[in-house]
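We're numbering straight along the sequence, starting at 1. Reckoned from all heavy atoms, side chains included, excluding hydrogens, waters and symmetry mates. What you are looking at is a predicted structure, and each value in this text was computed from that prediction instead of being measured.
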Amino acid sequence: MLEVLTDPNGFFKRKSNEEIKFKTPLLIVLLMAVVGAITVVLMMQNIMGNLPEEAAAFAWIGSVFGVVGAVIGAFIMWAVYSAIFYVISMLFNGEGSFKRVMEFVSYGFIPSIISSIISAIFTSRAYSNIDFSDPMIADVLLSDPTLRIAGIVGIIFTLWSANIWIFALVHSRNLSVKNAAIAVGVPILLYVLYTLYTLRIFGA
């Protein structure tokens with residue numbers, strides 16, 4: 001498994017000669033979903049600890065929906081990323097099944113799992129020091145440097161994932177590295193630019 005993080009080209013070249021298997025991909029996405037759900041719980045605990053008692057009861061309802069959303073969202077994200085990469089690769093006459101793309105794309109979420117854990121630590125620390133009964137809570141959140149750090153960490157690990165996805169497309173859609181980089185780079189660049197734009201707002 002570590003090979004995909006250090007040598008994705010070699011990893012996917014070897015995997016492309018094997019049958020398509022979804023056991024490991026499902027475990028990766030499930031782990032990402034669990035980490036996301038735990039992150040939601042940690043944040044909601046911090047929020048509820050700083051809310052009036054009557055408001056905290058309603059926050060529990062939000063945490064339940066948040067956990068369910070994190071789990072479902074992880075699998076939706078997997079399908080959406082795979083579909084986007086697959087469709088864009090069609091512009092370069094990519095050859096290879098969507099199932100193979102989904103299998104390989106799942107491995108690119110491993111850095112996201114690490115990123116989510118780190119971001120959860122920073123976010124939990126930030127939320128633990130915030131008074132959510134403050135009417136100026138939005139301004140407080142937008143100016144918190146810890147949350148900006150979490151955003152930057154997310155960008156760094158997303159770029160790591162992008163490197164994995166490039167070689168995932170090279171070997172799942174029979175693309176050149178250049179074309180695979182374009183297919184992956186376009187949506188990832190849009191995401192990074194949006195995140196940077198958001199971080200600039202935070203710094204305002």
Side-chain angles (χ1 to χ4, degrees), residues 1-37 39 68-119 150-199:
M1 187 68 69
L2 290 177
E3 184 185 1
V4 73
L5 299 176
T6 58
D7 181 23
N9 185 42
F11 176 81
F12 290 121
K13 183 178 182 179
R14 176 174 56 80
K15 293 287 290 183
S16 63
N17 295 318
E18 302 175 3
E19 292 184 3
I20 298 174
K21 298 178 182 178
F22 278 99
K23 180 179 179 180
T24 300
L26 285 171
L27 288 175
I28 292 172
V29 179
L30 181 59
L31 180 56
M32 182 171 66
V34 170
V35 171
T39 300
V68 173
V71 173
I72 296 176
F75 287 91
I76 292 177
M77 185 183 301
W78 178 25
V80 169
Y81 271 62
S82 299
I84 290 174
F85 295 151
Y86 183 86
V87 170
I88 297 178
S89 69
M90 292 173 65
L91 301 175
F92 303 104
N93 299 316
E95 300 176 353
S97 69
F98 181 66
K99 289 176 63 177
R100 177 66 86 182
V101 172
M102 283 199 72
E103 179 195 17
F104 283 8
V105 165
S106 68
Y107 290 93
F109 287 115
I110 295 176
S112 296
I113 296 173
I114 303 172
S115 172
S116 295
I117 295 173
I118 297 174
S119 295
I152 293 172
V153 168
I155 290 176
I156 293 173
F157 279 85
T158 296
L159 294 177
W160 189 0
S161 293
N163 181 62
I164 295 174
W165 286 326
I166 288 172
F167 292 102
L169 283 190
V170 167
H171 295 287
S172 66
R173 294 288 284 161
N174 193 28
L175 299 179
S176 66
V177 174
K178 177 183 176 180
N179 290 342
I182 294 173
V184 172
V186 170
I188 295 302
L189 178 61
L190 291 175
Y191 167 79
V192 170
L193 289 176
Y194 172 76
T195 303
L196 288 174
Y197 172 74
T198 305
L199 291 176

query = At what distance, to the nearest 0.5 angstrom, does CD1 of Ile164 lie from CD1 of Ile110?
reply = 6.0 Å

Please report the closest heavy-atom contact between [X] and [Y], naming both atoms and the distance.
X	Y	value
Phe167	Pro8	CD1-CG, 3.7 Å
Gly154	Ser115	CA-OG, 3.5 Å
Ala70	Ala37	CB-N, 3.7 Å
Ser112	Met32	CB-SD, 4.2 Å

ask   = Do other residues, nucleotides or ligands put more than 12 heavy atoms under 6.0 Å from Leu2 CG?
value = no

Any side-chain heavy atom of [X] within less than 4.5 Å of one from [Y]?
X	Y	value
Leu5	Pro111	yes
Val101	Ser89	no
Thr195	Tyr191	yes
Ile113	Ile28	yes

query = Hey, does the side chain of Ser161 reach the backbone of Gly108 with a donor-acceptor pair shorter than 3.5 angstrom?
reply = yes

key: Contacts of type salt bridge (Lys or Arg N to Asp or Glu O under 4.0 Å), residue Glu18, not counting sequence neighbours   = Arg14, Lys15

query = Residues in ring pair (Phe, Tyr, Trp, His ring centres under 6.0 Å) with Phe12, at least two apart?
reply = Phe104

request  = With Tyr81 as reference, evaluate Tyr107, Tyr86, Trp165 under the ring-ring contact (aromatic ring centres under 6.0 Å, His included) test and give the passing residue.
outcome  = Trp165

ask   = Among all residues two or more places apart in sequence or in another chain, which pass the side-chain hydrogen bond (donor to acceptor under 3.5 Å, both in side chains) test with Asn9?
value = His171

task = Could you list the residues that satisfy side-chain hydrogen bond (donor to acceptor under 3.5 Å, both in side chains) with Ser116, not counting sequence neighbours?
result = none

query = For Leu26, what residues pass the side chain to side chain contact (heavy atoms under 4.5 Å, CB included) criterion, not counting sequence neighbours?
reply = Phe22, Phe75, Trp78

query = With Val192, which residues qualify under side chain to side chain contact (heavy atoms under 4.5 Å, CB included), at least two apart?
reply = Ile155, Leu159, Ile188, Leu196

